[in-house]
Amino acid sequence: MNVRDLSVLLGMAEKHLVRKQEMSGLGLLGAAVLFCGLPLLAAGCAGQPVQMGTFAKNVPAEQAMVLPPPAGPGIVSVIERRYDNAVDQDIFLYTSALTPGQNLLKAQFFGTASPFKLSDNTLTSTPITEAGIASEMRRALPGVRMVRSSFFVQNNYGPFGYAFGRGAGDDLCMYGWQQVRSPSGTISPLANHGSIQIRARICEANGTEQKLLAFMYNYTITGAVNDGGWNPYGEPRPVSPSLGGVGAPIYPRPTSAEPIVPLLPQRASAAYTRSGPAPAAQSTPPAAAATAASVSSAAVPVVSVPRPVMTQSATGTSPVTAEPSVSRAPLVPSPSGLAQQTGRMSVPSPSCTDVTSGAANACR
């Protein structure tokens, strides 16, 4: 081996060592990148903790998405269940009937976003059919024979159906159902999607059909979904073409017996009468006066007041005091008793004819 071959071998060994050092540097860099990326991958695979009772929980009555009529029955409690595509609320109402079960207003709002990203808990929106309504009534009112109404009726949210049946005792029960959704031709993924399902189970003692049916006419939907395309009510109706036109008068209210402007009640005027002269006092006959005095004296107790009694003696007149009365009555003279006391008191007048007696001095 000459010097030239030795130099070639040394060059090849040097290149091998350099390549090995470069590969070891890349290995260290890859290991560092891998160790730094593992925590990020672990954080991406982790999920949020799930709270117990998230799918079904008790909410305050103020958060009810449908309210009963102002006349009641009142809300007792609200159970809310959240699904991936809907919110379901069971609104329990006050019940005083004997029929087993609780008055209930059920509302289902479809078209909501899922609170969980990896859950599979959807609620199916079933269409209204006769078989489906019959099954619902059997579950809500077991043992009660329900009769459906054949009339077409509708409230502020559209058409609805109802059925009546006799419960325990004098209870009258009603089951009503309604689906609120836009017309089929206007529904799209961007507008007028979503729907609301309403069910009402009401029983009342001595109730009437008019009173129970008023529940379906006067309940109020207060809930909504925070989405611009969610609109189960459909497009608003156009303005009437007769508005602002000629030959189409509009009155303040429909024709009825109630006046358009209620009149204030008239003020009651005070009646003033002139006072006439006082009637002349009629003279009372002496006999009538005596009778009235005797009646008044009989009604009022007689009060005796001792008075001095004058007796005539040989030398003149000398007062003699009568013995006091033993009665415990108050010493208050009454007008009616004076007439009777005059008979008891004897005051003789001195005789002026006998000039020889000492009484002549008293007649002067």
In Å and rounded to the nearest 0.5 Å, what is the [atom1] to [atom2] distance from [X] to [Y]?
{"X": "Asn103", "Y": "Tyr94", "atom1": "CG", "atom2": "OH", "result": "10.0 Å"}
{"X": "Met137", "Y": "Met174", "atom1": "CE", "atom2": "CE", "result": "12.0 Å"}
{"X": "Met146", "Y": "Leu141", "atom1": "CE", "atom2": "CG", "result": "5.0 Å"}
{"X": "Ile75", "Y": "Glu62", "atom1": "CD1", "atom2": "CD", "result": "8.5 Å"}
{"X": "Thr124", "Y": "Asn85", "atom1": "OG1", "atom2": "CG", "result": "7.5 Å"}
{"X": "Asn121", "Y": "Tyr83", "atom1": "CG", "atom2": "OH", "result": "6.5 Å"}

Pairs where residues 159-175 contributes a residue and the test side chain to side chain donor-acceptor pair (under 3.5 Å) is met, not counting sequence neighbours: Thr99-Asp171, Glu136-Tyr175, Ser149-Tyr162
Would you check, one step at a time, whether the test side-chain contact (heavy atoms from CB on, under 4.5 Å) holds for Val87 with Glu80? CA-CA 7 Å; Val87 176; Glu80 180 179 282; 4.0 Å; yes
I'd like to know if the side chain of [X] and the backbone of [Y] have a donor-acceptor N/O pair within less than 3.5 Å.
{"X": "Gln89", "Y": "Gln63", "result": "yes"}
{"X": "Ser135", "Y": "Gly132", "result": "no"}
{"X": "Glu204", "Y": "Ala97", "result": "no"}

State, to 0.1 Å, how close [X] and [Y] come at their nearest heavy-atom pair, and which atoms those are.
{"X": "Ala86", "Y": "Leu123", "result": "CB-CD2, 4.0 Å"}
{"X": "Gly223", "Y": "Phe109", "result": "O-CE2, 3.6 Å"}
{"X": "Leu105", "Y": "Leu93", "result": "CB-CD1, 4.3 Å"}
{"X": "Ala61", "Y": "Val78", "result": "CA-CG2, 4.1 Å"}
{"X": "Leu172", "Y": "Gly207", "result": "CD2-O, 3.5 Å"}
{"X": "Pro232", "Y": "Gly194", "result": "CB-O, 3.6 Å"}

Check whether [X] and [Y] end up in the same hydrophobic cluster, where Ile, Leu, Val, Met, Phe, Trp and Tyr are linked by side-chain heavy atoms less than 4.5 Å apart.
{"X": "Ile128", "Y": "Tyr219", "value": "no"}
{"X": "Val59", "Y": "Ile91", "value": "yes"}
{"X": "Met216", "Y": "Ile133", "value": "no"}
{"X": "Ile221", "Y": "Trp230", "value": "yes"}
{"X": "Leu98", "Y": "Leu104", "value": "no"}

Quick check: do Ser125 and Ser195 have side-chain heavy atoms less than 4.5 Å from each other? yes
Under the salt bridge (Lys or Arg N to Asp or Glu O under 4.0 Å) rule, what do Lys211 and Glu209 come out as? Steps first, then yes or no, please. CA-CA 6 Å; Lys211 185 176 180 180; Glu209 295 184 1; over 6 Å; no
In this structure, are over 12 heavy atoms from other groups packed under 6.0 Å from [X] atom [atom1]?
{"X": "Arg201", "atom1": "CZ", "answer": "yes"}
{"X": "Asn226", "atom1": "CG", "answer": "no"}
{"X": "Phe151", "atom1": "CZ", "answer": "no"}

Would you say the ring centers of Tyr217 and Phe160 fall short of 6.0 Å from each other? yes
Quick one, Ile187 with Arg181, criterion side-chain contact (heavy atoms from CB on, under 4.5 Å). Give me CA distance, side-chain angles, the key distance, then yes/no. CA-CA 9 Å; Ile187 299 176; Arg181 59 176 301 176; 3.3 Å; yes
Using side chain to side chain donor-acceptor pair (under 3.5 Å) as the criterion, point out the one residue from Gln108, Gln178, Gln179 that pairs with Gln197. Gln179
Are Asn192 and Asn231 linked by a side-chain donor-acceptor pair shorter than 3.5 Å? yes
Establish, from distance only, whether the side-chain atoms of Thr222 and Thr220 form a donor-acceptor pair under 3.5 Å. no
Decide yes or no on side-chain contact (heavy atoms from CB on, under 4.5 Å) for Thr95 and Cys203, but give the supporting numbers first. CA-CA 7 Å; Thr95 304; Cys203 288; 5.7 Å; no
Derivation of the side-chain contact (heavy atoms from CB on, under 4.5 Å) call for Lys106 and Ile198: CA-CA 6 Å; Lys106 189 178 185 63; Ile198 301 295; over 6 Å; no
Which is it for Arg81 and Asp90 under the salt bridge (Lys or Arg N to Asp or Glu O under 4.0 Å) test, yes or no, and what are the steps along the way? CA-CA 9 Å; Arg81 299 176 181 86; Asp90 291 342; 2.8 Å; yes
Parallel, tilted or perpendicular: ring planes of Tyr233 versus Tyr157, cut at 30 and 60 degrees: tilted
Does the pair Asp88/Arg82 count as a salt bridge with the N-to-O cut at 4.0 Å? no
